[in-house]
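Chain A is the first sequence line, chain B the second, and so forth, proteins listed ahead of strands; every chain is numbered from 1. Heavy atoms only: backbone and side chains are in, while hydrogens, waters and symmetry mates are out.
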Number of protein chains: 2
Amino acid sequence: MGRRNEHTREELKEISLQAAEQLVAANGLGGLSARKVVACIGYTVGSLYMVFRNLDDLIIQMNERTLDRLYEALERALAHRPPPSAAIRVLAQAYLEFALTQTNRWLALYEHRMPDDQVMPDSFSEKVSRIFGLVQQHLALLCPQRSSNDVELAARALWSGIHGVCMLSLDRKLESIGGHPMHEVAGSLLDNYLAGFVSSA
Amino acid sequence: MGRRNEHTREELKEISLQAAEQLVAANGLGGLSARKVVACIGYTVGSLYMVFRNLDDLIIQMNERTLDRLYEALERALAHRPPPSAAIRVLAQAYLEFALTQTNRWLALYEHRMPDDQVMPDSFSEKVSRIFGLVQQHLALLCPQRSSNDVELAARALWSGIHGVCMLSLDRKLESIGGHPMHEVAGSLLDNYLAGFVSSA
DNA sequence: ACCTGAACACCGTTCAAGT
DNA sequence: ACCTGAACACCGTTCAAGT
């Protein structure tokens, strides 16, 4: 056969990633397969390997797009320029909102595991760092007197904490442990941590 | 053929779970398959379905055993009866230690996802609650004047936080964001949260 | 009753062959 | 050059057939 030149390589990549995102949004990362992706876009399975090294490569590129959307959501939340005292809360709220509304896409960021011998591409790590930098930056504004090492550590602790709240709240396996809504748990974490952090200057 | 009565049903279950634990410890949950399990124990694949409903059932039972070991590790850490002010830290430390030394087994607790329409068995939820209750109980001893609702919320926030620190520290994808060792991040979270919590009585 | 082994419907990946 | 489709080595699950 050969549907030659019906799509450029770039277009083929784009529609593959779009199909992958739809499949993940609908059925989770477990509902994604190379054969399902090509079935969605009307190609046969071999074609996928023209534009992706393998399925891991496709998933990583999909996840990078998710990281981009997450970053945009966080930036959008900061668009009203809240004072430093509110910015951290605004960021956390936006993160929770993203995880809650895009649950399967957000979960795919963490469910996907690399083969033990391989490492994430730099482009992925940079996108993670960029998001993380947002927290660090606003935490530094809140506590200008603290060392950059203190701020780094606090940003990491806070962000890990908010992430953990999301994870345990969205995992149906573990929601059993009390009926506190996610936002309330995150609020408690933030309020008490920040109270402790600013008072220990 | 038929290796009849060479093992009782209970023995077959036990050696299957042991083989599964070895496979997961060595290669992660992704390295586990029904066919590999039976290859380890010298049976053919059909036999597995005599003692497990399906592979999810086997994984859940394996994870329940991991939860039992985690509970034992936490109890062992409390065996020296630390004062309430130290008990929470002792528990967090033991949790980190478990995640660090049994990484693949600990990860399997969270990597495994149920089919969307199914729910975890009660025995699993109870084991989760039992572990969680340990935190809640020692937090209540630390702050006897707080309402049980306050303590529940704080226990959940703290535990989620510690969990998030583990997750992001052990995930090679995300370790990029700063070279702070896991224990230090967890210490920061605990110290500042508890400082905020006890002072907001 | 216990266990096998073939069968079925999937999966990721490769690659000779066709246009 | 682009794309197919068959092939290979896997996978979970079922079940008739053997002992």
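Among C:dC2, C:dT14, D:dG12, the nucleotide with an atom closest to any side-chain atom of B:Met50 is C:dC2. The side chain of B:Tyr49 sits closest to D:dT14 out of C:dT4, C:dC3, D:dT14.
Regarding B:Glu6, its CD atom lies at a distance of 14 Å from the C1' atom of D:dT19, rounded to whole Å. Between the C1' atom of C:dC3 and the NE2 atom of B:His7 lies a distance of 13 Å, rounded to the nearest Å. A:Glu11 places its CD atom 14 Å from the C1' atom of D:dC2, with the value rounded to the nearest Å. One can place CG of B:Leu23 at 11 Å from P of D:dG12, the figure rounded to the nearest angstrom. Distance CG (A:Leu12) to P (D:dA1): 17 Å, rounded to an integer number of Å. Taking atom CD of B:Glu10 as the reference point, atom P of C:dA1 lies 18 Å away to the nearest angstrom. Rounded to whole Å, atom P of D:dT13 lies 9 Å from atom CG of B:Leu48. We find that CG of B:Leu58 is positioned 10 Å from P of D:dT13, with the value rounded to whole Å.
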Taking only distance into account, with no hydrogens and no angle test, what donor-acceptor pairs under 3.5 Å do side-chain atoms of residues 85-93 of chain B form with protein atoms, sequence neighbours excluded?
unit_1	atom_1	unit_2	atom_2	d
B:Arg89	NH1	B:Asp191	OD1	2.3

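In this structure, the salt bridge (Lys or Arg N to Asp or Glu O under 4.0 Å) partners of A:Glu21, at least two apart in sequence or on a different chain, are A:Arg65, A:Arg69. Listed by chain and number, the residues in a salt bridge (Lys or Arg N to Asp or Glu O under 4.0 Å) with A:Arg146 are A:Asp150 (sequence neighbours excluded). Not counting sequence neighbours, the partners of A:Ala20 by the side-chain contact (heavy atoms from CB on, under 4.5 Å) test are A:Leu32, A:Val37, A:Leu58, A:Met62.
Applying the salt bridge (charged side-chain N to carboxylate O under 4.0 Å, His left out) rule to pairs touching residues 127-145 of chain B yields B:Asp68-B:Lys127, B:Asp68-B:Arg130, sequence neighbours excluded. Sorted by first and then second residue, the salt bridge (charged side-chain N to carboxylate O under 4.0 Å, His left out) pairs with a member in residues 180-189 of chain A form an empty list; sequence neighbours excluded. Each salt bridge (charged side-chain N to carboxylate O under 4.0 Å, His left out) pair with one or both residues in residues 29-56 of chain B, not counting sequence neighbours, would appear here, but there are none.
In DNA chain C, runs of at least 3 stacked Watson-Crick or G-U pairs (N1-N3 plus N6-O4 or O6-N4, or N1-O2 plus O6-N3, all under 3.5 Å) give these stems: C:4-8 with D:12-16, C:12-16 with D:4-8.
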Could I get a table of every N or O pair under 3.5 Å where one atom is in the protein and the other is in nucleotides 6-11 of chain D?
unit_1	atom_1	unit_2	atom_2	d
D:dC11	OP1	B:Ser33	OG	3.2

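There is no side-chain donor-acceptor pair under 3.5 Å between A:Gln18 and A:Gln22.
A:Tyr71 contributes atom OH, which lies 14.0 Å from atom CZ of A:Phe98 (distance to the nearest 0.5 angstrom).
Taking side-chain N and O atoms only, B:Ser47 has no distance below 4.0 Å to OP1 or OP2 of C:dC2. Distances shorter than 4.0 Å separate some side-chain N or O of B:Tyr43 from OP1 or OP2 on C:dC3.
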